[in-house]
Structures are given as structure tokens and as C-alpha cells.
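Please read the structure below before turning to the comments.
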Amino acid sequence: MVMKPEPWGEALDEVVAKGPARLILPTPTRSAVPPVRRRALAGEERLVFGCGRYEGIDARVAVEAAGRMPVEELSIGDYVLNGGESATLVMVEAITRLLPGVLGNTESAVQDSFASGGMEHLVEGPVYTKPAVWRGQEAPPVLLSGNHGAVDRWRRDQALRKTARNRPDLVAATPEERLDRRDREVLAEEAVRDDGQPVAD
Ligand SMILES: C[S@@+](CC[C@H](N)C(=O)[O-])C[C@H]1O[C@@H](n2cnc3c(N)ncnc32)[C@H](O)[C@@H]1O
């Protein structure tokens, strides 16, 4: 079953009447939306998501809409959902948390996995909060040292180690110029097998 074009055309008439918008059509047929695209979308004034169901929306809807607004197909991953609504929720969360003021601590988004800046292409390392000791497990003492330089370096080391273990493909994609001498030492310690799996976890 395919969604008919007429109701979509009328719904988009209403959207256009309310002002400029970019139409996002969730689809499983694309590569997962990359971080750089999410950052660009966070700067858009108005995003409208057209959620398909069943086999999807009649293909003429996207063609007709493209004549009056930017239209973009986006996926959240290589799996098929029943409808675009849950994909839209995922995208809205991933995009809006990049907007100024959405997160209490603006540093959080910078340190996130796949964030922009120095951590690009890395996943975030392990995170800790109080208490310093919980059920016999100590949080890493460097985090309580008050030495911000040492904390930043430790965080980057941990991010590099976790990325090498969990996502060696991202290490391979990290541009050489983003790695300093210490980065290279850490990655050399985290040797991965030829099949991309960690030597020991
Ligand atoms: C059952 S799916 C249609 C799948 C389609 N027949 C195909 O094989 O490509 C119905 C709707 O769910 C949404 N959807 C499914 N998987 C998705 C994904 N991975 N990312 C984004 N949207 C998805 C799309 O809006 C799609 O039109």
C-alpha cells in the first residue's frame, strides 16, 4: 500500500502558506544522516518532516514539493521502521541538542561522540560523577585533580581508546592532521586486529 499524493499535496499547501520551510522525508534508502548535516540542519529556520507509512509516499509528492521548497531525504540507519515518526523523533533530538541553550552545559555537545571540533570522528570515552568511590569502584583520580589540562588529555585518551575498541572504522576515518603525538601513542597501544576487532577487551 502506498500513501496517496492528494492529501500530501494539500498538507504541504498549508505548510507553504505559513512561510518558508525545508521538507525532510525520512527514508531507509539513504546513508544515516551524518553529523555535519545535522549541524547544518540545526541552523535552519523551519523544518517540516513528512513521515511515510506502508510502502512510503507516492514519489510525485517529493517532486512536486521540490518545486516550492528544499526537499531532503534522510535516514537514521540501515533498518526499516514501520513509519517515519520514530525516525523523526530521533532526528529532532539529534538536531535540537545542537541549538544554543538547549543543553544546560554547552560543553556537553562539544564532547559528545561524533561532535564537531577536536573530537570529530571519535566516540566519547567513559563518564563519571560523584561519589568518588562507589561499591568499591574508584572514579579515575585525575577527574578530581582540578588540573583541567590533565583532565582534557585524559578524556581525549579515553575517547581514542574507546573509538579504537568500539569503532575502528572511525579511527581509520580520522584525518591524520587531527592526531597529535600523544594521540598516536594511545592508538598504537590500542592495536586492533586486521578484521577491525580489538586484540583484547
Ligand atoms: C515500512 S517503511 C517503507 C520502506 C520502503 N518500502 C523501503 O523498503 O524502502 C515506511 C516509512 O518508514 C520510514 N522509515 C523506515 N525506516 C526508516 C529509516 N531507517 N530511517 C528513516 N525513516 C525510515 C519512512 O518514512 C518510510 O516511508
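Just follow the structure's listing: the first ligand is 1, and inside any ligand the first atom is 1. Values below: every heavy atom of this structure, side chains too, minus hydrogens, waters and symmetry copies. None of the values given here were measured: they were computed from a predicted structure. One is the number of the first residue; the rest follow in order along the sequence.
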Do [Y] and [X] meet the salt-bridge criterion of a basic N to acidic O distance under 4.0 Å?
{"X": "Glu72", "Y": "Arg37", "value": "yes"}
{"X": "Arg184", "Y": "Asp180", "value": "no"}
{"X": "Arg68", "Y": "Asp13", "value": "yes"}

Which is it for [X] and ligand 1 at heavy atoms under 4.0 Å: side chain, backbone, both or neither?
{"X": "Leu81", "answer": "both"}
{"X": "Ile57", "answer": "neither"}
{"X": "Asp78", "answer": "neither"}
{"X": "Ala87", "answer": "side chain"}

- Query: Rounded to the nearest 0.5 Å, how far apart are CG of Asp58 and CH2 of Trp8?
  - Reply: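 If we round to the nearest 0.5 Å, Asp58:CG and Trp8:CH2 are 11.5 Å apart.
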
Nearest protein heavy atom with distance in Å, relative to [atom]:
{"atom": "atom 19 (N) of ligand 1", "answer": "Tyr79 O, 2.8 Å"}
{"atom": "atom 24 (C) of ligand 1", "answer": "Pro26 O, 3.1 Å"}
{"atom": "atom 7 (C) of ligand 1", "answer": "Pro28 CG, 4.1 Å"}

So [Y] and [X], do their side chains get closer than 4.5 Å, heavy atoms only?
{"X": "Leu143", "Y": "Val151", "answer": "yes"}
{"X": "Arg39", "Y": "Val36", "answer": "yes"}
{"X": "Leu47", "Y": "Leu41", "answer": "yes"}

Would you check the N or O atoms of [X], main chain and side chain alike, for any that come under 3.5 Å of an N or O of ligand 1?
{"X": "Gly77", "result": "yes"}
{"X": "Ile76", "result": "yes"}
{"X": "Gly52", "result": "yes"}
{"X": "Tyr54", "result": "no"}

- Val2 versus Ile57, closest heavy-atom pair with distance: CG1-C, 4.1 Å

- Query: If every non-hydrogen atom of Arg178 is compared with every non-hydrogen atom of Asp183, which pair is closest and at what distance?
  - Reply: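 The pair with the smallest heavy-atom distance is O-OD2, 3.4 Å.
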
- Message: Within the supplied structure, the quantity of interest is the number of heavy atoms (other residues, nucleotides, ligands) at a distance under 6.0 Å from Arg182 CZ; does it exceed 12?
- Response: yes

- Compare Glu55, Glu85, Met91, Arg53 and give the one whose heavy atom is closest to atom 6 (N) of ligand 1. Glu55

At less than 4.0 angstrom from any non-hydrogen atom of [X], what atoms of ligand 1 do you find?
{"X": "Gly56", "value": "27 (O)"}
{"X": "Thr29", "value": "9 (O)"}
{"X": "Ser75", "value": "19 (N), 20 (N), 21 (C)"}
{"X": "Val80", "value": "1 (C), 2 (S), 4 (C), 16 (N)"}

